[in-house]
**Q** 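This is the structure I want to talk about, given as structure tokens.
Numbers here are sequence positions counted from 1.
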Amino acid sequence: MRALFVCLALLISVPGPLLAQSAVPPAPYANAQLPDPRQEAEAKELMETLRCVTCQSQSIADSDAAMAGDMRHQVRSRIAAGEEPEAIRRSMIARYGDYISYAPHMDGATWPLFLLPVILLLAVALLIWRRLGRGGKRDA
């Protein structure tokens, strides 16, 4: 009976990820460059500053994830339509959150992330200074 449950569990869990793969082809501009070299350069520059939400460690320009392909298509098609890269960046951040930007802006929610390393460095420097100050007094 136990073997039957193990077999059923394997049959259910193994094909799950395989069935989840999309049979839909990638978006047209996911892997194809724009015909205008200036527009493609703008798109490439913008894509290198946006993080893939699936991979989380690669830019959408470098990622092979399907989501990154969709995001590349969005960037290229919007640039081809004449939209400014900064407007595209703002709309992508509004849609996916601040995390997708490799250059986050400082606001009320992110200022601790910028300030905390400075505070930690000052605390470590103070501890070292006090330790060295005490050590010098003992030797005298």
Side-chain angles (χ1 to χ4, degrees):
M1 188 70 166
R2 187 174 189 180
L4 179 64
F5 285 124
V6 171
C7 288
L8 283 175
L10 285 173
L11 286 174
I12 292 171
S13 65
V14 172
L18 297 176
L19 294 174
Q21 296 295 322
S22 174
V24 178
Y29 283 128
N31 300 315
Q33 294 185 351
L34 292 170
D36 182 359
R38 184 190 59 77
Q39 287 181 331
E40 180 60 29
E42 284 180 351
K44 185 76 170 167
E45 185 177 338
L46 177 59
M47 289 185 291
E48 288 174 354
T49 65
L50 296 174
R51 187 185 325 251
C52 174
V53 295
T54 304
C55 307
Q56 298 181 359
S57 64
Q58 292 181 307
S59 69
I60 63 171
D62 299 329
S63 176
D64 291 331
M67 184 67 182
D70 290 342
M71 292 171 78
R72 284 192 303 268
H73 170 74
Q74 270 187 350
V75 167
R76 284 186 174 124
S77 61
R78 291 171 76 174
I79 284 189
E83 198 170 339
E84 291 295 317
E86 191 55 37
I88 298 169
R89 168 191 296 292
R90 284 192 306 268
S91 69
M92 296 286 259
I93 289 172
R95 182 172 184 177
Y96 299 107
D98 284 333
Y99 182 76
I100 70 161
S101 176
Y102 279 119
H105 63 282
M106 191 178 326
D107 63 8
T110 59
W111 70 264
L113 297 174
F114 291 94
L115 192 58
L116 193 59
V118 174
I119 292 171
L120 288 174
L121 282 174
L122 289 174
V124 168
L126 179 66
L127 284 171
I128 291 173
W129 180 72
R130 291 187 73 186
R131 279 284 205 199
L132 290 177
R134 285 184 188 165
K137 290 179 183 176
R138 284 187 205 147
D139 293 336

**Q** Let's go through Lys44 and Glu40 carefully: what are the C-alpha distance in whole Å and the side-chain angles of both, what is the deciding distance for salt bridge (charged side-chain N to carboxylate O under 4.0 Å, His left out) to 0.1 Å, and is it a yes or a no?
**A** CA-CA 6 Å; Lys44 185 76 170 167; Glu40 180 60 29; over 6 Å; no
**Q** Could you tell me whether Glu84 and Arg89 have a side-chain N and a carboxylate O separated by less than 4.0 Å?
**A**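 A salt bridge is absent here (no side-chain N lies under 4.0 Å from a carboxylate O).
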**Q** Not counting sequence neighbours, which residues clear side chain to side chain donor-acceptor pair (under 3.5 Å) with Ser77? List them please.
**A**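 Checked Ser77 against side chain to side chain donor-acceptor pair (under 3.5 Å); zero matches.
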**Q** Is there a path of hydrophobic side-chain contacts, each under 4.5 Å between heavy atoms of I, L, V, M, F, W or Y residues, that connects Met67 with Tyr99?
**A**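 Unlinked, Met67 and Tyr99 end up in two clusters.
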**Q** For Ile93 and Ile100, work out which heavy atoms get closest and say how close.
**A**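 Taking every non-hydrogen atom into account, N-CD1, 4.0 Å.
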**Q** Is a side-chain N or O of Thr49 found less than 3.5 angstrom from the main chain of Leu46, in a donor-acceptor match?
**A**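 Yes; judged by distance alone, with no hydrogens or angles, the pair exists.
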**Q** According to side-chain contact (heavy atoms from CB on, under 4.5 Å), who are the partners of Ala80, at least two apart in sequence or on a separate chain?
**A**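 Here the qualifying residues are Leu34, Gln39.
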**Q** Could you list the residues that satisfy side chain to side chain donor-acceptor pair (under 3.5 Å) with Ser63, not counting sequence neighbours?
**A**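 Residues passing side chain to side chain donor-acceptor pair (under 3.5 Å) with Ser63: none at all.
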**Q** Would you please name every residue forming a side chain to side chain donor-acceptor pair (under 3.5 Å) with Glu83, sequence neighbours left out?
**A**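 Listed in chain order: Arg78.
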**Q** Would you please name every residue forming a side chain to side chain donor-acceptor pair (under 3.5 Å) with Gln74, sequence neighbours left out?
**A**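 Checked Gln74 against side chain to side chain donor-acceptor pair (under 3.5 Å); zero matches.
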**Q** Can you list every salt bridge (Lys or Arg N to Asp or Glu O under 4.0 Å) pair that touches residues 46-68, not counting sequence neighbours?
**A**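 For residues 46-68: none.
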**Q** Is the side chain of Arg72 donor-acceptor paired with the backbone N or O of Asn31 at a distance under 3.5 Å, no angle test?
**A**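 Pair absent, no side-chain N/O of Arg72 close to backbone of Asn31.
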